[in-house]
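Quick caveat, the model's predicted, so the values are computed rather than measured. Hydrogens, waters and symmetry mates are skipped; everything else that's a heavy atom, side chains included, is used. A note on names: the letters A, B, ... follow the listed sequences, proteins ahead of strands, and every chain is numbered from 1.
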Amino acid sequence: MPELPEVETIARALREGGRDGPALVGRRIQGVSLLWRRTLAEPSPAEFETRICGQQITDIGRRGKFLVFTLDADSLLIHLRMSGDLLVEAQDALIAAHHRLLLELEGDLRLAFNDARKFGRVWLVADPQRILGGLGPEPLDPAFSAEALYQRLKNTRRQLKPLLLDQTFIAGLGNIYTDEALHMAGLHPRQAADSLSPGQAARLWESIRAVLLDGIQRQGASIDWVYRGGDFQNYFRVYQRTGEPCPVCGTPVARIVIGQRGTHFCPRCQPDPKGE
DNA sequence: CACGAGACCTGTTCGC
DNA sequence: TGCGAACAGGTCTCGT
């Protein structure tokens, strides 16, 4: 479900309050309820409970698509994968379908991890870098320049679409924002990374940032029954718009499959450099 | 090294 | 109406 803009929106809401609840920073974790074993990646359920109880939430942030809860002694990392969501509830609220992990907090609050497809994962670790260390650069980090992207693109011949989805290449992009960024940049999803000119790389860099900032500003995209959030889905250029006119040239949006992921693009604005 | 397929899961939508 | 297939915002592992 969530990509960088959705995770950022959730992190901000939990850190600063607003949306569906008050700020969680400063609150102590009082209790734990693990409803689906595999949701907890590490440590063991027993150690998780004894170790997290009593720790205070010092900060809440994001790295790539991971939510990062900084606690007194440890870091709680949460990856929502396809269908995960976080909800702040009263401690006596009914336990909704698909709740997988509950954290009881000071102030009669409960942080619920809801995840229909059970792909989401939670880690409690002393050193978050052990889990996050392999991630690529943050696309919105000022240190990530167009030149830096160009240099990374030159290192590989991989197709742009799967490359941008690779979290070790760049962190935070998923299927929606990758398709949107490639369309904005006028690049075919199968184009080889090392074939981009410096100008094309700069345009891709700008497009990635523009699409992500737009998504954050609209508080993410809400599709189907998952994630009740922003309204970026109303502004998709190509994603899930197969057959509808390209907003730039009117050509029907095409859908192909690359790396088992549905891929949407405009055949005219994003011509295949190799023909066909 | 780069790519495709299969797993992991549940729910919704679409075609017949 | 019913039923199976296809599809879904992610990532890991294995085989070629």
Examine C/dG9: is either OP1 or OP2 under 4.0 Å from a nitrogen or oxygen in the side chain of A/K65? Give yes or no.
no
Between C/dG9 atom C1' and A/L164 atom CG, what is the distance in whole Å?
16 Å
A/I176 CD1 to C/dC7 P, in whole Å, measures 17 Å
Taking only the P atom of each, what is the distance from B/dG6 to C/dA6 in whole angstrom?
13 Å
Looking at A/R81, does any N or O in its side chain come under 4.0 Å of the phosphate oxygens OP1/OP2 on B/dC9?
no
Which nucleotide in the list C/dG9, B/dG4, C/dT11 gets nearest to the side chain of A/M82?
C/dG9
Looking at A/F236 versus A/Y177, is the centre-to-centre ring distance below 6.0 Å?
no
Is any NZ, NE, NH1 or NH2 atom of the basic residue among A/E138 and A/R62 found under 4.0 Å from an Asp or Glu carboxylate oxygen of the other?
yes
Per the atom types in the model, does the base of C/dA8 pair as donor or acceptor with the side chain of A/R117 at under 3.5 Å?
yes
Quickly work out the A/I78 CD1 to C/dG10 P distance and round it to whole Å.
18 Å
Spacing of the P atoms in C/dG9 and B/dC14 (rounded, Å):
15 Å
Starting at atom NE2 of A/H99, determine the distance to atom P of B/dT10, rounded to an integer number of angstrom.
17 Å
CH2 of A/W36 versus P of B/dT10: gap in Å, rounded?
6 Å
Under 4.0 Å, heavy atoms only, any strand: does A/Y239 hit a base, just the sugar-phosphate, or nothing?
sugar-phosphate
Could you check whether A/R237 and A/H183, counting side-chain N and O atoms only, form a donor-acceptor pair closer than 3.5 Å?
yes
Hunt down the Watson-Crick or G-U wobble partner of B/dC9, both distances under 3.5 Å, from any strand shown, or write none.
none
Whole angstroms only, please: what is the NE2-P distance between A/H98 and B/dG11?
4 Å
Taking the six-membered ring for Trp, are A/F265 and A/H188 ring centroids under 6.0 Å apart?
yes
Could you check A/N175, A/L173, A/D179 and say which one makes a side-chain contact (heavy atoms from CB on, under 4.5 Å) with A/L164?
A/L173
Looking across every strand, which nucleic acid part, if any, lies under 4.0 Å from A/G120 by heavy atom: base, sugar-phosphate, or nothing?
nothing
Could you tell me which nucleotide pairs with C/dG9 by Watson-Crick or G-U wobble geometry, both distances under 3.5 Å, or answer none if nothing does?
none
Please determine whether a side-chain nitrogen or oxygen atom of A/S83 lies at a distance below 4.0 Å from atom OP1 or OP2 of C/dA8.
no
Phosphate-side-chain proximity, A/R261 and C/dG9, N/O vs OP1/OP2 below 4.0 Å
yes
Base of B/dG6, side chain of A/Q260 - is there a donor-acceptor contact under 3.5 Å?
yes
A/Y150/A/W205 under ring-ring contact (aromatic ring centres under 6.0 Å, His included): CA gap, chis, key distance, verdict:
CA-CA 9 Å; A/Y150 177 63; A/W205 176 83; over 10 Å; no
Separation of A/Q240 atom CD from C/dA6 atom P, in whole Å?
18 Å
Please confirm whether the shortest side-chain N or O distance from A/Q167 to OP1 or OP2 of C/dT11 is below 4.0 Å.
yes
A/K118 side chain near B/dC8 phosphate (N/O to OP1/OP2, under 4.0 Å)
no
Quick one: is A/H79 getting a side-chain N or O under 4.0 Å of the C/dT11 phosphate, OP1 or OP2?
yes
Against the side chain of A/R255, the closest entry in C/dC7, C/dG9, B/dA2 is C/dC7
What nucleic acid atoms does A/R121 come within less than 4.0 Å of, heavy atoms only: base, sugar-phosphate, or nothing?
nothing
Could you check how far CZ of A/F119 sits from C1' of B/dG11, rounded to whole Å?
11 Å
